[in-house]
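Note that ligands are numbered from 1 as they come in the structure, with each ligand's atoms numbered from 1 the same way.
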Amino acid sequence: MATLSAGVLLLGLPAMGRPAEAPADFLLTGGRVWTAEAARPWAEAVAVRDGRILYVGDAAGAARLRGPKTRLFPLGSRLVLPGFDDAHIHLMSGALSLERVDLIEDGTVGAVQARIRAFAAAHPGAPWVLGRGWLYGSFPGGLPTRAQLDAAVADRPAYMECYDGHSGWANSRALALAGITKDTKDPVGGAIVRDPATGEPTGALKEAATSLVESKIPLPGTEERYQLLLRALRLLNSQGLTSVQDAGYAPAQLDADLPLMERALREGRLTVRLTVSVQMSPGDADAAIARAAALAQGHRGPLLRFGAVKGFVDGVIEAHTAAMLEPYSDDPAAGTGRPNWGPAALDAAVTAADRAGLQVYLHAIGDRGVRMALDAHEAALRANGRTDRRGRIEHVETISPADYPRFQALGVIASMQPLHANPDQNNADVWSRNIGPERASRGFSWRSIEKAGGRLVFGSDWPVVTSDVMRGLYCAVTRKTKDGTPAGGWLPEQAVSLESALRHYTIDGAYASFEEAEKGSLAPGKSADLVVLSEDLFRHPPEAILKTRVLLTMVDGRVVHHDAAFPAP
Ligand SMILES: [Zn+2]
């Protein structure tokens, strides 16, 4: 990678002062360009040739690169940024979610049921009614019931995944199809929620128990899944995304999906740069490490790359499955949650993956989970020495104050998702209640991690929440819902500046996939991955972010999204 970038820079550098300079393929000029380059953050123009950035500077310098075939984009009041990088996404789940009902915006049982009913009516031939995105806070007691889903869909099996992917909601038909009765034992690492009086399954399933139903859902055929993948890529491009990092493929799922990604690559239709990590579980760490290492040999980019494993240290706070240092506040019976790994096994697996040259992502949400993850990255450092390993922790929803400095000290990246801090009813009624005000006061503490010198990267976790970067940016800088609540923002001292948020969506993301020499900022020689936004975000109040449109997205010097509102040359 280092060799490649050096060569590319040599080719790309001589932009000025050469009389025989070939003209640019594209000129974006006469507006404002934010480059994400610390030394020179602002410019007026960008020139692109052969997929590379040829020039970044003033408009006069750019004018000299205009030839008869150059496509000229006059910018006016618009803003050019490096293309966005979503550092934590689930691409194929997102693709499949395009054919499911999305419940994320519905806050009450009635609203959720109405949306499911309408979706079922619009898809009369679908053998299952599938959806995702329900919030714990929408249901009295924090979990939905089969009766509530039967009331919306009675004629077919129906199954709705929780927004966080850690819980499921089945109707009576789906439970029957999966053979789940009051005599069914809980699977390892999961729970069938039961009525305390009768012992009958309520319809809610936690963690590994979700697969009892999910394994019965017919997967769309290969061609249909490929078409959904292409739709997903177009959606991401329309949101300004030029890179995504897929956070953890179960090996079996990879068998089904990797051929689709390879086909898109072969056909020139992989229009988002894709980095993929392989899921590593306590029972199969060695196999996952071997698989990820082998895939890393065959897929080194620049469009499709492997090289990482991901482990789940714990679950989620809403379901009391995140690992906490002290017991949950709302329900003493929940204890401190339960990590998926013992500390020794986790340290050993992370050290082994690191020794194999792999980057390690660790999902850790509770303060104990985060500490275990930091400890495991530290164990790898002690065992294997100081290398450029760039260990990551995903989510970091709450944290002990003692652990803030360790991100910087260990060089561990905090990979966080602004919309997970969306201060909606679910956040207040379930998330904050479960851990109590003291720990909630360190919720999604982006600014504290920044201040302690830690490196943050931003993403969405799509389809957990929308992949719309503007929604994430708005929450990152305001800590408010899209409706502007609460008025002053939730824990507003943890909001980050616009410039900082943009760095976390661009150059820091590139760093997280070891590609910062190649992309992530606008500088001569780098890949021409960029976006044009309808508004100059730096010149408006934050509310303008929500009205901002992505007018143009370019990947590798190729226009992959172009809004009709932007004059085409
Ligand atoms: Zn995720």
Query raised in the report: Is R479 close enough and on-axis enough to W446, meaning under 6.0 Å and within 45°, for cation-pi?
Result: yes
Query - Pair S243-K519, side-chain donor/acceptor within less than 3.5 Å - result: yes
Query raised in the report: Is it true that some N/O/S atom of H88, main chain or side chain, lies under 2.8 Å from the Zn ion (ligand 1)?
Result: yes
Query raised in the report: Closer than 2.8 Å to the Zn ion (ligand 1), do we get an N, O or S atom from H90, backbone or side chain?
Result: yes
Requested in this report: Locate the shortest heavy-atom distance separating G366 from A322; write the atom from each residue and the value.
Outcome: N-CB, 3.7 Å
Requested in this report: Heavy atoms only: give me the nearest C162-W134 pair and the separation to one decimal.
Outcome: N-NE1, 3.1 Å
**Report entry** the Zn ion (ligand 1) - closest N/O/S atom in D461
**Finding:** OD1
